[in-house]
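Below is one structure, written out as structure tokens; comments come after it.
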Amino acid sequence: MTLVERYVAAWNETDPRARARAVAELWTEDATYTDPLADVAGHAGIAAVIEGAQGMFPGLVFRPGELYDAHRHLARFTWHLGPADGEPVATGYDVVELADDGRIRKVLGFLDKVPA
């Protein structure tokens with residue numbers, strides 16, 4: 001499974017224990033996540049942001065977008081949020097910094113399209 005697939009799977013995980021496990025496997029202990037709606041650090045903070053997004057958009061799922069680009073210890077990719085089989089209601093892109101072990105150290109998120 002690619003980094004983006006694992007990332008999206010963590011954002012779609014609704015079981016709190018499985019989500020905590022996915023976050024721990026994907027992010028470093030001191031990782032940060034920043035987007036226009038959140039600025040958190042650590043596994044608990046990241047898991048809480050994911051849970052909050054799921055609460056704001058019940059029944060919607062994240063999917064990888066069309067763009068993926070990486071070099072050295074950085075990657076950027078687009079994502080979509082919407083019904084599993086429908087048009088996205090939100091889109092954006094994230095830039096991630098990876099640690100030496102391949103886990104995410106930092107996420108900088110940008111929202112391109114959001115619901116009105």
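What you see is a predicted model; the values in this text were computed from it and never measured.
- Heavy atoms only, all atoms of each residue included: Ile46 and Val40 are closest at N-CG2, 3.9 Å.
- Every residue two or more places apart in sequence or in another chain that forms a ring-ring contact (aromatic ring centres under 6.0 Å, His included) with Phe110 is listed here: Tyr93.
- Gly109 and Asp94 get closest at one heavy-atom pair: CA-OD1, 3.1 Å.
- The structure places OG1 of Thr78 at 11.5 Å from CZ of Arg63, a figure rounded to the nearest 0.5 Å.
- Atoms CZ and CG, from Arg105 and Asp30 in turn, are 7.0 Å apart once rounded to the nearest 0.5 Å.
- Ion pair Asp101/Arg103 flagged as a salt bridge, since at least one NZ, NE, NH1 or NH2 atom sits closer than 4.0 Å to an Asp/Glu carboxylate oxygen.
- In terms of heavy atoms, Ala10 sits closest to Ile50 at O-CG2, 3.7 Å.
- For the pair Leu111 and Leu37, the minimum side-chain heavy-atom distance is below 4.5 Å.
- Taking Phe62 as the reference, Trp11, Trp79 meet the ring-ring contact (aromatic ring centres under 6.0 Å, His included) condition, with sequence neighbours excluded.
- Minimum interatomic distance between Ala84 and Val61 (heavy atoms only, all atoms of both residues): CA-CG2, 3.7 Å.
- Applying the salt bridge (charged side-chain N to carboxylate O under 4.0 Å, His left out) test to pairs two or more places apart or on separate chains, those with a residue in residues 68-81 are Asp69-Arg76.
- Residues Leu108 and Leu3 do not share a hydrophobic cluster, clusters being chains of Ile/Leu/Val/Met/Phe/Trp/Tyr side chains in contact below 4.5 Å.
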Side chain to side chain contact (heavy atoms under 4.5 Å, CB included) for Phe77 and Val96? Distances and angles first, verdict last.
CA-CA 9 Å; Phe77 52 88; Val96 300; 4.0 Å; yes
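- Checking side-chain atoms of Glu25 against main-chain N and O of Ala22 turns up no donor-acceptor pair under 3.5 Å.
- Residues Leu98 and Gly102 come closest through the heavy atom pair CD2-O, 3.8 Å.
- Taking 4.5 Å as the limit, some side-chain heavy atom of Pro64 sits within range of a side-chain heavy atom of Val4.
- Side chains of Asp100 and His73 form no contact here, defined as non-hydrogen atoms less than 4.5 Å apart.
- Under the 4.5 Å side-chain heavy-atom criterion for grouping Ile, Leu, Val, Met, Phe, Trp and Tyr, Leu81 is connected to Met56 within one hydrophobic cluster.
- Shortest non-hydrogen contact noted between Asp15 and Glu13 is N-OE2, 3.0 Å.
- Counted by atom type alone, Thr34 and Asp39 present one or more donor-acceptor pairs between their side chains at under 3.5 Å.
- Cluster annotation: Ile104 and Leu67 are assigned to distinct hydrophobic clusters (Ile/Leu/Val/Met/Phe/Trp/Tyr, side-chain heavy-atom contacts under 4.5 Å, transitive).
- No single ILVMFWY cluster, assembled from side-chain heavy atoms under 4.5 Å apart, contains both Trp27 and Val95.
- Side-chain contact check for Val89 versus Leu60: some heavy-atom pair is nearer than 4.5 Å.
- Judged purely by atom type and a 3.5 angstrom limit, His43 uses its side chain to pair as donor or acceptor with the backbone of Thr28.
- Residues Arg19 and Gln54 have side chains in contact (heavy-atom distance under 4.5 Å, counting atoms from C-beta outward).
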